[in-house]
Number of protein chains: 2
Amino acid sequence: MSKKIHKRDAEASKALIISSAIQLFSQKGYASASMDELAKLCGLNKAMVFYYFKNKKGLYEAVMAQVLEEIQQTIIEENKKYTKPIEELESFIHTYAQFACSHPYLPALLLKELSDSGAVVPEMLFSSMRQLFALFSDILKRGESKGCFGASKPMVFYFMILGTLNLIVTTKPLRIEASRKEDISLDTCAKCDIDEIADYLMKNIKKMLKENK
Amino acid sequence: MSKKIHKRDAEASKALIISSAIQLFSQKGYASASMDELAKLCGLNKAMVFYYFKNKKGLYEAVMAQVLEEIQQTIIEENKKYTKPIEELESFIHTYAQFACSHPYLPALLLKELSDSGAVVPEMLFSSMRQLFALFSDILKRGESKGCFGASKPMVFYFMILGTLNLIVTTKPLRIEASRKEDISLDTCAKCDIDEIADYLMKNIKKMLKENK
DNA sequence: CTCCTAATTAACTGGTTAGTTAATTATAGA
DNA sequence: TCTATAATTAACTAACCAGTTAATTAGGAG
């Protein structure tokens with residue numbers, strides 16, 4: 001009875017604003033995204049944005065919170081399916097790769113935010129990245145103590161994975177264009193799909209984590 | 001005789017504008033950098049910016065051209081000192097790491113630009129990244145044909161190196177802050193210097209490039 | 001000393017932006 | 001049906017922004 005078809009539905013309006021904002025912020029960045037354009041994009045009055053989110057920064061924080069929460073939950077859920085460190089690691093890489101590819105706003109937002117050291121939402125970015133990193137670090141450390149992996153600097157491996165996958169996703173248009181007008185001798189992996197890249201990355205990270213005899 | 005002390009020196013003014021713009025663009029990004037603020041920053045009249053660089057985009061292009069040219073030349077010069085692929089690879093990684101650390105605007109500008117797929121200066125970014133990648137790819141391919149390295153996807157390795165080093169540099173403030181208020185169990189490499197990271201990266205990339213028997 | 005030109009300036013413009021406000025409309029509950 | 005309140009709107013504002021313009025200044029060549 002509470003879920004009739006409303007012409008006025010606060011939750012629906014909020015959700016519509018956020019989903020439109022995700023699109024706009026990831027395409028244009030925080031500064032270039034205009035609230036007038038956002039209102040046009042979601043077909044609501046601009047004042048609604050300020051009514052629900054107070055100001056532009058508030059909306060951006062809600063956007064980042066949702067995006068970071070989503071990837072975090074997805075990775076945590078996937079991680080639960082495995083127990084062996086090597087499988088958990090593979091799950092981490094593949095899940096992030098899949099998510100980044102099907103939600104390309106994530107790498108765009110993340111790289112923009114990280115390149116400013118979290119200029120707009122430092123605390124939230126910080127806590128979210130910390131939690132993901134803690135999960136990742138834990139996988140490596142457990143693998144190490146079980147003898148599956150050699151000693152490693154988890155922070156470097158974390159950035160290696162996120163850096164590579166984020167760049168692969170965000171530069172895809174650039175690399176496809178390159179493959180059209182470039183000589184064939186330079187392979188930009190334009191045709192590689194994300195699972196192929198993730199497999200390749202996993203294979204190489206396994207090599208790095210092999211115990212040195 | 002041509003290099004007296006001028007009160008009006010076009011070249012000096014241009015250079016001052018560019019160096020201030022590098023600082024401003026890398027801190028704020030293209031959209032948030034204001035030309036009024038730039039003028040204040042370098043102590044010149046705002047109209048000078050438009051006099052020398054036509055418009056904001058023209059200035060940004062000059063900035064990116066200078067920054068990309070600088071890193072490219074530095075890497076090419078360093079590369080000339082070596083002949084063995086493994087030394088060239090080490091030189092590539094260390095030179096990029098050193099440069100990125102002492103010119104932290106490079107990672108900031110590069111990540112911002114790449115996360116937009118080169119929204120502001122696509123052709124220039126494209127050609128510059130292509131040349132650096134060609135050099136890198138060539139090192140791996142020569143190593144492969146000489147038998148020092150196993151087969152590899154250079155594009156993925158390229159992003160692995162640039163992605164890791166750029167993130168290490170841009171997140172440094174964030175990681176230092178983290179190490180102060182976090183539990184010690186989670187190592188964010190806050191104290192690592194860039195050469196240590198570059199060494200570690202090189203060591204692991206060597207493992208990945210070892211021929212599979 | 002005298003021009004000519006390049007460098008520099010203050011003041012301005014038109015457009016855009018985030019954010020506000022006060023009035024209006026729909027809805028749920030009594 | 002009435003009413004309190006939550007959702008929605010159009011119209012507004014003040015600040016800011018990239019870019020222009022026309023006037024001014026300094027320096028070098030002759």
Side-chain angles (χ1 to χ4, degrees), chain A residues 1-64 109 112-113 116 119-121, chain B residues 1-64 112 116 119-121:
Chain A
M1 53 181 169
S2 63
K3 285 288 158 195
K4 291 177 197 162
I5 294 139
H6 294 284
K7 283 172 186 170
R8 305 186 149 198
D9 183 333
E11 290 311 309
S13 296
K14 263 192 192 177
L16 180 59
I17 291 172
I18 287 199
S19 71
S20 308
I22 288 178
Q23 192 186 324
L24 199 63
F25 280 133
S26 57
Q27 273 168 10
K28 307 221 165 177
Y30 178 75
S32 298
S34 133
M35 305 313 265
D36 287 272
E37 196 183 346
L38 172 66
K40 220 175 290 170
L41 187 67
C42 60
L44 297 175
N45 191 286
K46 185 173 64 146
M48 298 299 290
V49 176
F50 297 93
Y51 180 64
Y52 287 120
F53 300 96
K54 191 183 172 196
N55 54 27
K56 187 179 180 181
K57 197 186 166 198
L59 171 63
Y60 185 71
E61 280 172 5
V63 160
M64 288 303 286
L109 287 172
K112 282 191 182 79
E113 199 61 30
D116 283 335
V120 189
V121 284
Chain B
M1 52 180 170
S2 62
K3 285 288 156 194
K4 290 177 198 162
I5 295 136
H6 293 283
K7 283 171 186 170
R8 305 186 151 197
D9 184 332
E11 289 312 308
S13 297
K14 262 191 192 176
L16 180 59
I17 291 172
I18 286 200
S19 70
S20 309
I22 287 179
Q23 192 187 324
L24 199 64
F25 280 133
S26 59
Q27 274 169 11
K28 307 220 164 179
Y30 178 76
S32 297
S34 131
M35 304 315 264
D36 285 271
E37 196 183 347
L38 173 64
K40 221 175 286 168
L41 187 67
C42 60
L44 296 176
N45 191 285
K46 185 173 65 146
M48 299 297 292
V49 175
F50 297 92
Y51 180 64
Y52 286 121
F53 299 97
K54 191 184 172 196
N55 54 28
K56 188 180 181 182
K57 197 186 166 200
L59 171 64
Y60 185 72
E61 279 171 6
V63 161
M64 287 303 285
K112 283 189 181 77
D116 283 335
V120 190
V121 285

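The backbone N or O of A:A33 sits less than 3.5 Å from a side-chain atom of A:K56, completing a donor-acceptor pair. In this structure a side-chain-to-backbone donor-acceptor pair under 3.5 Å is missing from B:S32 to B:G29. Judged by distance alone, the side chain of A:S26 and the main-chain N or O of A:Q23 form a donor-acceptor pair under 3.5 Å.
By the 4.0 Å N-to-carboxylate-O rule, B:K28 lies too far from A:D116 to be salt-bridged with it. One finds no salt bridge joining A:K14 and A:D9 here, because no Lys/Arg side-chain nitrogen approaches an Asp/Glu carboxylate oxygen to under 4.0 Å.
Straight-line distance from the OH atom of B:Y51 to the C1' atom of C:dA10: 17 Å, rounded to whole Å. The nearest whole Å value for the distance from the CD1 atom in A:I17 to the C1' atom in D:dA7 is 11 Å. Following rounding to the nearest Å, B:L44 (CG) and C:dT9 (P) show an atom-to-atom distance of 6 Å. Rounded to an integer number of Å, the gap from B:L38 CG to D:dC16 P is 17 Å. Between the C1' atom of D:dC17 and the NZ atom of B:K40 lies a distance of 12 Å, rounded to the nearest Å. Note: CE (B:M48) to P (D:dT24) measures 18 Å, nearest angstrom.
For the pair B:S13 and C:dA7, the criterion of a side-chain N or O lying under 4.0 Å from OP1 or OP2 is not met. For the pair A:Y52 and D:dA6, the criterion of a side-chain N or O lying under 4.0 Å from OP1 or OP2 is not met.
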Task: Sugar-phosphate or base contact per nucleotide [nucleotides 15-25 of chain C; S, B, -; heavy atom under 4.0 Å] - done: --SBBBB---B

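Between A:K112 and B:K112, the closest side-chain pair of non-hydrogen atoms is not below 4.5 Å.
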Within the sub-3.5 Å range, which N or O atoms of nucleotides 2-5 of chain C have a protein N or O partner, and how far apart are they?
none

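Contacts of B:F53 with the nucleic acid, taken as non-hydrogen atoms under 4.0 Å apart, are absent.
Of the inter-residue distances, the one linking A:S34 atom OG with A:K46 atom NZ reads 7.5 Å to the nearest 0.5 angstrom. Distance check, rounded to the nearest 0.5 Å: CD of A:Q27 to CG of A:L109 gives 10.5 Å.
Relative orientation of the B:Y60 and B:Y30 rings is perpendicular, given thresholds of 30° and 60° on the angle between their planes.
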